[in-house]
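So the structure is just underneath, and the comments pick up after that.
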Amino acid sequence: MADALRVGIAGLGTVGASLVRIIQTRANELAVTCGRPIEIAAVTARDRTRDRGIDISAVTWFDSAEELAANAEIDVFVELMGGAEGAAADSVRAALRRGLHVVTANKALLAASGVELARIAEENGALLNFEAAVAGGIPVIKALRESLTGNTISRVYGIMNGTCNYILTRMEKEGLSFADCLKEAQRLGYAEADPAFDIEGNDTAHKLAILTTLAFGTQIAPDEIYLEGITNISIDDIHAAADLGYRIKLLGVAQRTETGIEQRVHPTMVPRDSVIAQVDGVTNAVAIESDILGELLMVGPGAGGNATASSVLGDIADIAKSRPGAQQVPVLGTPAASLAPYKRAQMQSHEGGYFIRLTVADRTGVFASIAARMAENAISLESIVQRSKPDSSVMSKTIILVTHATMENSVRKAVDAIKAESYLVGEPQVIRIERPKDM
């Protein structure tokens with residue numbers, strides 16, 4: 001049997017501890033499967049004395065990730081600390097420059113510096129694997145980077161943040177407010193004490209930027225994503241969606257158009273009977289549309305120690321099985337030097353239409369004014385629903401509009417014009433609708 005693959009791990013949180021536990025308890029199985037043993041040779045973390053439920057007494061301890069990457073006698077550097085800059089970035093660069101293979105679950109780092117890191121890896125003959133960075137235990141990176149070679153991909157979309165999906169699921173099924181569901185998600189450990197990165201859509205955006213590059217062979221462009229989180233989704237929106245036959249999901253969508261690449265993250269109404277609508281709780285789902293295979297949908301756990309550690313271990317096992325001197329798969333599917341410049345698509349018509357909820361003062365002329373603002377922006381309406389809504393200070397009603405296919409900027413202009421009127425009570429809500437043919 002070949003010599004052991006020596007692994008150094010930076011970060012012993014939930015994922016790191018799970019990874020150590022799996023490698024130690026399944027050492028014999030891994031050795032047989034990979035053709036060589038996998039050995040944890042070095043580790044580092046913030047607190048050396050913390051009880052993590054694992055035995056690392058025989059493992060060499062380093063005081064920093066940078067020191068481990070620069071000096072440890074290892075073959076693979078595993079970065080599980082997180083963060084786009086600082087120790088995570090510095091240690092990964094140092095490891096790759098040494099020619100060490102790197103495995104990371106750090107989507108923020110890859111979104112910010114993925115092309116640079118891919119170039120360093122390729123120049124030094126190192127592998128850079130990052131399956132766990134997107135959608136936890138779902139093998140979407142391998143699918144895009146290897147399995148779908150030869151396919152021309154037209155669109156990638158999905159539910160990529162378990163925190164948001166959990167909150168939206170609880171709101172719908174239990175009639176709870178956004179605030180109450182967020183508190184429960186924090187109590188269960190699904191949401192951080194500061195949940196902004198998840199609920200404002202940034203986490204999904206980082207993952208989408210990585211998938212976009214793998215799917216379309218362009219530079220990573222996280223700043224070119226239309227971004228909207230779920231903080232403004234109310235129980236009224238959940239109920240209205242249900243009445244119309246939809247469920248609300250936070251989707252990340254990247255698609256190729258005639259004018260460039262479109263990337264967007266936002267709440268979306270999806271038909272209740274669509275497959276993506278059935279994905280509940282902290283589960284993730286990613287769909288890939290291509291010319292040869294058609295549509296591939298992958299569903300599975302998007303977070304958690306075991307799910308993420310499973311993907312990390314899969315990346316390590318791939319390295320263990322690789323043959324020295326063999327042609328390597330490019331880190332981002334396309335060699336870093338050959339990635340095309342990112343070209344943002346022009347605004348185009350959205351075939352699914354839009355849901356618009358307005359709370360307005362209950363007085364004469366309001367409906368006519370709303371209809372006029374829509375007509376001024378060439379927006380055709382599919383349906384209009386009015387509901388009375390008694391308020392403590394003013395009699396109001398809710399008007400729900402569903403549009404036919406129209407332009408995003410037309411909807412925004414119409415809504416801005418309505419906001420300038422004196423009859424609007426509170427902020428309007430605008431949510432994209434994805435029809436079955438779009439999904």
Side-chain angles (χ1 to χ4, degrees), residues 134-138 157-208 225-253 264-287 297-304 307 352-357 398 400 402 427-436 438-439:
V134 179
I138 301 174
Y157 69 91
I159 298 167
M160 304 176 202
N161 183 271
T163 300
C164 291
N165 204 44
Y166 171 83
I167 290 172
L168 293 173
T169 300
R170 290 289 303 275
M171 287 178 72
E172 178 191 10
K173 294 193 172 182
E174 300 182 35
L176 300 175
S177 69
F178 174 87
D180 288 341
C181 289
L182 175 58
K183 288 180 182 177
E184 182 67 6
Q186 290 172 316
R187 186 186 70 80
L188 294 171
Y190 297 148
E192 302 289 341
D194 179 3
F197 193 75
D198 289 319
I199 63 177
E200 292 177 1
N202 295 285
D203 177 76
T204 299
H206 283 162
K207 296 170 181 175
L208 183 67
I225 299 176
Y226 171 81
L227 182 60
E228 182 182 342
I230 65 169
T231 54
N232 292 326
I233 299 296
S234 71
I235 195 66
D236 290 339
D237 298 323
I238 298 290
H239 290 159
D243 290 345
L244 294 167
Y246 296 96
R247 302 183 73 187
I248 299 177
K249 299 291 183 181
L250 181 75
L251 294 187
V253 182
R264 46 189 168 89
V265 173
H266 50 73
T268 308
M269 287 191 177
V270 295
R272 179 177 289 277
D273 59 358
S274 64
V275 176
I276 201 83
Q278 311 308 315
V279 179
D280 286 339
V282 296
T283 304
N284 281 197
V286 180
L297 178 66
M298 292 177 281
V299 180
Y354 291 81
F355 163 94
I356 304 170
R357 176 176 56 79
T398 297
I400 295 173
V402 176
E427 286 294 310
Q429 178 67 283
V430 177
I431 304 176
R432 281 177 178 252
I433 297 174
E434 298 282 359
R435 307 293 190 184
D438 298 319
M439 298 307 295

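What's counted below: heavy atoms across the whole structure, side chains too, no hydrogens, waters or symmetry copies.
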How close do [X] and [Y] get, counting heavy atoms only, and between which atoms?
X    : Y    : result
A240 : I400 : CB-CD1, 3.6 Å
G201 : V265 : O-CG1, 4.0 Å
A277 : P271 : CB-O, 3.2 Å
V286 : A135 : CG2-CB, 4.1 Å
V299 : A285 : CG2-CB, 3.9 Å
N161 : T204 : CB-OG1, 3.4 Å

Do the side chains of [Y] and [X] get nearer than 4.5 Å, heavy atoms only?
X    : Y    : answer
T398 : D236 : no
I230 : P267 : yes
L251 : V270 : yes
I233 : I431 : yes
T163 : P195 : no
H266 : I225 : no

Can you tell me how far the [atom1] atom of [X] sits from the [atom2] atom of [Y], to the nearest 0.5 Å?
X    : Y    : atom1 : atom2 : result
R264 : L227 : CZ    : CG    : 13.0 Å
M171 : R247 : CE    : CZ    : 12.5 Å
I248 : H239 : CD1   : NE2   : 10.5 Å
Y166 : L182 : OH    : CG    : 10.0 Å

Under 3.5 Å: donor-acceptor pair, side chain of [X], backbone of [Y]:
X    : Y    : value
Q186 : A193 : yes
N284 : G300 : no
R357 : Q429 : no
K249 : V279 : yes

- Could you go through the side-chain contact (heavy atoms from CB on, under 4.5 Å) check for F355 and D237 one step at a time? CA-CA 9 Å; F355 163 94; D237 298 323; 3.8 Å; yes

- Query: With respect to T169, which candidate in T283, V282, D280 satisfies the side-chain contact (heavy atoms from CB on, under 4.5 Å) definition?
  - Reply: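 The option that passes is D280.
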
- Message: With side-chain contact (heavy atoms from CB on, under 4.5 Å) as the test, pick out the partner of F178 among N232, I235, I199.
- Response: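 It is I199; the other options fail the test.
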
- Query: What pairs with L176 under side chain to side chain contact (heavy atoms under 4.5 Å, CB included), at least two apart in sequence or on another chain?
  - Reply: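 Here the qualifying residues are R170, E174, D180, C181.
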
- Output yes when E172 and R272 qualify as a salt bridge under the 4.0 Å nitrogen-oxygen rule, no when they do not.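 A salt bridge links E172 with R272.
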
- Query: For E192, does the CD atom sit with more than 12 other heavy atoms under 6.0 Å from it, leaving out its own atoms?
  - Reply: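 For E192, atom CD is not crowded (no more than 12 foreign heavy atoms under 6.0 Å).
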
